[in-house]
Amino acid sequence: MSSTLDVDEALRRVCRIAVPRLGDWCVVDLQGEQDHPHRVCVMHRDPTALPASALEGCLPPLPKTNPGPLARVLRGAGPLLLTGMTTHETVPNNPLHSRQLELFAHMGADTVITAPLRARRQVLGALTVARTGGREALCEQDLALVDDLAHRIALAVDNARLHQETQRIAERLQRSLLPELPRHLELTARYTPSRTTAEVGGDWYDSFLLPNDDTTLIWTSSVTNCCPDWPRTAPTMSLSSPFVCRRFPASALTGNVRRVSGTG
């Protein structure tokens, strides 16, 4: 799980390991906004048994009253061991539990363990592992194992979310530092922050009028972001690379920018 920061891909990797070692199928649900959970991954030991994508997606909101096992776990209870599953009961005013019973009916379930994904005193979701009648039933001794797996999943999910949030903050900071281009010329800037690091800084640009009405364009690049022969260009590229142009045609202005950026 630590080899990727893609939450969905990391969860699918874990589910491929859990099935069939721990159960015949497993499901991971993550908490969404306003108590709307999202079913991220459904994995079955027989990939052709059911199109798992049909069961993934948004789930009904958590009920305020008469909660089922999944809602209880998403609110912090558990891990819960469920036996003697009844998949045809009717549950009034609880669409989330009804969806869970539909899942059990489609996939088959004799015993089920549902464990919360806890990290930093928050419940991020739930892990559900189930076994059908063809193998030994899940029991109390399996609760600790599934709960430990759920805890490790929660840590990975929390780490990936923290990294994504840090990247978003860094990108907002970088964009907030970009200058406003002068309005006397038709200038357009394109800026793409690096997504490989959360650091703020590096490449930047600016443009402004001089007292003699010449236009200054400043284009600077950090050493680490230069072309492959950066040791040779470092003495100049580590500083800004300005040039002054008078009222040139657009083609001439573009040519100057290409020369400075090394693309022309």
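We use all heavy atoms of the structure for the numbers below, so side chains are in, but hydrogens, waters and symmetry mates are not.
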Check: Do H106 and L103 have side-chain heavy atoms sitting under 4.5 Å apart?
Finding: no

Next item on the list: Mind checking side-chain contact (heavy atoms from CB on, under 4.5 Å) for R16 and listing every partner two or more places apart, or none if nothing turns up?
Entry: E9, R12, R13, M43

Checklist line | Residue pairs passing the salt bridge (charged side-chain N to carboxylate O under 4.0 Å, His left out) test where at least one lies in residues 126-135, sequence neighbours excluded | finding: D24-R135

Item checked: Residues that E140 engages under side-chain contact (heavy atoms from CB on, under 4.5 Å), provided they are two or more places apart -> L81, L143

Notebook entry, point to check: What pair of heavy atoms forms the shortest contact from A130 to V112, and how long is it?
Noted result: CB-CG2, 3.7 Å

Checklist line | Nearest heavy atoms of P116 and V123, plus distance in Å | finding: CB-CG1, 4.2 Å

Notebook entry, point to check: Can you check whether H44 reaches C26 side chain to side chain, under 4.5 Å on heavy atoms?
Noted result: no

Next item on the list: With sequence neighbours left out, write down each residue that passes salt bridge (charged side-chain N to carboxylate O under 4.0 Å, His left out) with R120, or none if nothing qualifies.
Entry: D158

Check: Hey, quick one: are L155 and L145 part of the same hydrophobic cluster, counting side-chain heavy atoms closer than 4.5 Å, chains of contacts allowed?
Finding: no

Note to self: Can you confirm whether V14 sits close enough to R152 that some side-chain heavy atom of one is under 4.5 Å from a side-chain heavy atom of the other?
What the structure shows: no

Item checked: Minimum heavy-atom distance between C41 and C15, given as atom pair plus value -> SG-SG, 3.5 Å

Check: Does the side chain of L62 come within less than 4.5 Å of L74's, by heavy atoms?
Finding: yes

Next item on the list: For W25 and G108, indicate whether the former's side chain and the latter's backbone hold a donor-acceptor pair under 3.5 Å.
Entry: yes

Notebook entry, point to check: Is there a side-chain contact between I153 and L149 (heavy atoms, below 4.5 Å)?
Noted result: yes

Note to self: In this structure, would L101 and V27 fall into the same cluster of hydrophobic residues linked by side-chain contacts under 4.5 Å?
What the structure shows: yes

Check: Between L117 and Q31, is any pair of side-chain heavy atoms under 4.5 Å apart?
Finding: no

Next item on the list: Not counting sequence neighbours, which residues clear side-chain contact (heavy atoms from CB on, under 4.5 Å) with A115? List them please.
Entry: P79, V146, D147, A150

Check: What are the two closest non-hydrogen atoms of G68 and H97, and how far apart are they?
Finding: CA-ND1, 3.9 Å

Item checked: Separation of T114 OG1 from D29 CG (nearest 0.5 Å) -> 8.5 Å

Check: Is a donor on one side and an acceptor on the other found under 3.5 Å between the side chain of D142 and the backbone of C139?
Finding: yes

Notebook entry, point to check: By side-chain contact (heavy atoms from CB on, under 4.5 Å), which residues pair with V40, not counting sequence neighbours?
Noted result: D8, L11, L30, H38

Notebook entry, point to check: So, do P63 and L96 sit near enough that their side-chain heavy atoms are less than 4.5 Å apart?
Noted result: yes

Margin query: For a quick test of reading the model, state the closest non-hydrogen atom pair linking D110 to G133 and the distance between them.
Written below: OD2-CA, 2.8 Å

Item checked: Test item: M107 and L55 side chains (from C-beta on) under 4.5 Å apart, heavy atoms -> yes

Notebook entry, point to check: With distance as the sole test, does R39 use its side chain to make a donor-acceptor pair with the main-chain N or O of C58 at under 3.5 Å?
Noted result: no

Check: Do you reckon F104 sits in the same ILVMFWY cluster as L70, going by side-chain contacts under 4.5 Å, direct or chained?
Finding: no

Next item on the list: Decide side-chain contact (heavy atoms from CB on, under 4.5 Å) for I113 and L80; before the verdict, give the C-alpha distance in whole Å, the side-chain angles of both, and the deciding distance to 0.1 Å.
Entry: CA-CA 6 Å; I113 292 179; L80 302 179; over 6 Å; no

Next item on the list: Measure across T111 and A137 and return the closest heavy-atom pair with its distance rounded to 0.1 Å.
Entry: CG2-CB, 3.6 Å

